[in-house]
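One structure below.
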Number of protein chains: 2
Amino acid sequence: MDAALCEVTFIHEDRVQAAQQTLVDPPAAARLAAAFDALADPTRVRLISALIDQELCVCDLAALLNLTQSATSHQLRILRNLNLVRTRKEGRIVFYALDDQHIRDLFQRGLEHIRHNSQG
Amino acid sequence: MDAALCEVTFIHEDRVQAAQQTLVDPPAAARLAAAFDALADPTRVRLISALIDQELCVCDLAALLNLTQSATSHQLRILRNLNLVRTRKEGRIVFYALDDQHIRDLFQRGLEHIRHNSQG
DNA sequence: TGAATATATGAGCAATTATTCATATATTGT
DNA sequence: ACAATATATGAATAATTGCTCATATATTCA
């Protein structure tokens with residue numbers, strides 16, 4: 001048989017139709033997934049957490065997280081490309097900061113989730 | 001030379017010390033990254049979005065997203081293992097629903113982020 | 001201009017992962 | 001018990017990715 005999709009009987013057609021209302025379309029899903037993916041790595045989570053209250057330069061971040069300069073810079077680029085952080089240049093030093101309050105909120109919600117689950 | 005970490009001069013030692021306050025430790029970072037990672041895939045994003053207002057069974061979800069039953073089940077397991085969704089069994093049918101309001105909030109924040117960025 | 005410093009980036013590798021395929025488990029009805 | 005149905009899952013594979021290494025770009029200072 002071929003790689004059938006859901007060949008099974010439609011169980012709840014009314015609900016499926018209703019779900020169309022909230023279902024995000026594939027392009028939006030891709031962008032949303034990419035945004036969450038930016039926070040889906042322990043190193044990037046720590047970078048964001050370090051920037052919660054203040055801006056820091058690449059070398060600060062590398063020292064703080066015990067990373068190489070290269071690894072830090074690579075990860076920061078990902079965060080910047082997805083508009084989670086913004087940069088400010090001062091001479092040769094580049095300061096990174098969270099882009100806006102949305103990011104802080106999103107991050108906090110995530111923290112609440114893991115505190116709410118897996119251990120009290 | 002060896003794979004040096006941040007061998008460069010400490011630029012802002014005071015800020016680095018301050019950042020220790022908000023810096024999440026590696027275990028928490030791993031758990032937080034895992035939580036965000038659950039939403040870091042377009043298929044899982046669409047599954048969550050379909051469950052915003054109501055519960056749906058596996059076959060409903062597969063049909064709605066045009067996925068195979070197997071792929072749907074695999075992805076739902078990831079969401080369930082991370083406590084983003086919960087299940088209710090009724091005979092052979094397993095209904096999936098969002099675990100709590102936190103998830104809805106987290107998802108909404110993500111949506112706001114992508115709407116705020118990349119296009120007006 | 002040339003050396004030093006701070007950051008950025010391309011290539012490569014090891015590790016992770018989303019899907020498919022085949023099959024297992026669980027429930028219902030005959 | 002047996003067939004049918006709904007879901008779950010292990011193995012395999014192609015694609016993605018985080019880090020390292022080497023090197024490039026940019027800025028400051030002498």
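Labels below follow one simple rule: chain letters A, B, ... track the order of the sequence lines, proteins then strands, and each chain is numbered from 1.
- The phosphate of C:dA6 has neither OP1 nor OP2 within less than 4.0 Å of any side-chain N or O from A:Ser73.
- Side-chain N/O atoms of B:Lys89 include none lying less than 4.0 angstrom from OP1 or OP2 on C:dA26.
- In this structure, of C:dA18, D:dA8, D:dC19, it is D:dC19 that holds the atom nearest to the side chain of A:Ala71.
- Atom CG of B:Leu67 and atom C1' of C:dC21 are 16 Å apart (whole Å).
- Here B:Arg44 reaches the OP1 or OP2 of C:dA18: one of its side-chain N or O atoms lies under 4.0 Å away.
- Between the P atom of C:dT7 and the CZ atom of A:Phe95 lies a distance of 8 Å, rounded to the nearest Å.
- Minimum heavy-atom separation, B:Leu65 to B:Thr43: CD1-O, 3.9 Å.
- If you take CZ of B:Arg88 and C1' of C:dT27, they are 15 Å apart, rounded to a whole angstrom.
- Residue A:Gln101 places its CD atom among more than 12 non-hydrogen atoms of other residues, nucleotides or ligands, all under 6.0 Å distant.
- B:Leu106 places a side-chain heavy atom less than 4.5 Å from the side chain of B:Leu39.
- Atom CG of A:Leu76 is separated from atom P of D:dG18 by 13 Å (rounded to the nearest Å).
- Of all nucleotides listed (C:dT7, C:dA4, D:dC19), C:dT7 comes nearest to the side chain of A:Cys57.
- Using a 4.0 Å cut-off, no side-chain N or O of A:Thr68 falls inside it from OP1 or OP2 of D:dC19.
- In this structure, the side chains of B:His113 and A:Leu84 come closer than 4.5 Å at one or more pairs of heavy atoms.
- Backbone-only contact: B:Tyr96 has heavy atoms under 4.0 Å from sugar-phosphate atoms and none from a base.
- Partners of B:Gln21 under the side-chain contact (heavy atoms from CB on, under 4.5 Å) rule, at least two apart in sequence or in another chain, do not exist in this structure.
- As judged by a 4.0 angstrom heavy-atom cut-off over every strand, B:Ile78 is placed among residues touching the sugar-phosphate backbone only.
- In this structure, CD of B:Gln75 is placed 10 Å from P of C:dT20, rounded to the nearest angstrom.
- The aromatic ring of A:His74 stacks onto the base of C:dT9, its centre lying under 5.5 Å from the centre of the six-membered base ring with the two planes under 30° apart.
- The CZ-P distance, from B:Arg77 to C:dT17, rounds to 13 Å in whole Å.
- In this structure, the CD atom of A:Glu90 is 19 Å from the P atom of D:dA26, given to the nearest Å.
- Residue B:Thr72 is out of contact with every strand shown, counting any heavy-atom pair closer than 4.0 Å.
- Here A:Thr87 pairs with A:Arg80 under the side chain to side chain donor-acceptor pair (under 3.5 Å) rule; sequence neighbours left out.
- The base of C:dC21 sits within donor-acceptor range of the side chain of B:Ser70, with an N or O pair under 3.5 Å.
- As judged by a 4.0 angstrom heavy-atom cut-off over every strand, A:Arg80 is placed among residues making no nucleic acid contact.
- If you take CD1 of B:Ile93 and P of D:dT5, they are 13 Å apart, rounded to a whole angstrom.
- Look at B:Gln69 and you won't find any side-chain N or O under 4.0 angstrom from OP1 or OP2 of D:dA6.
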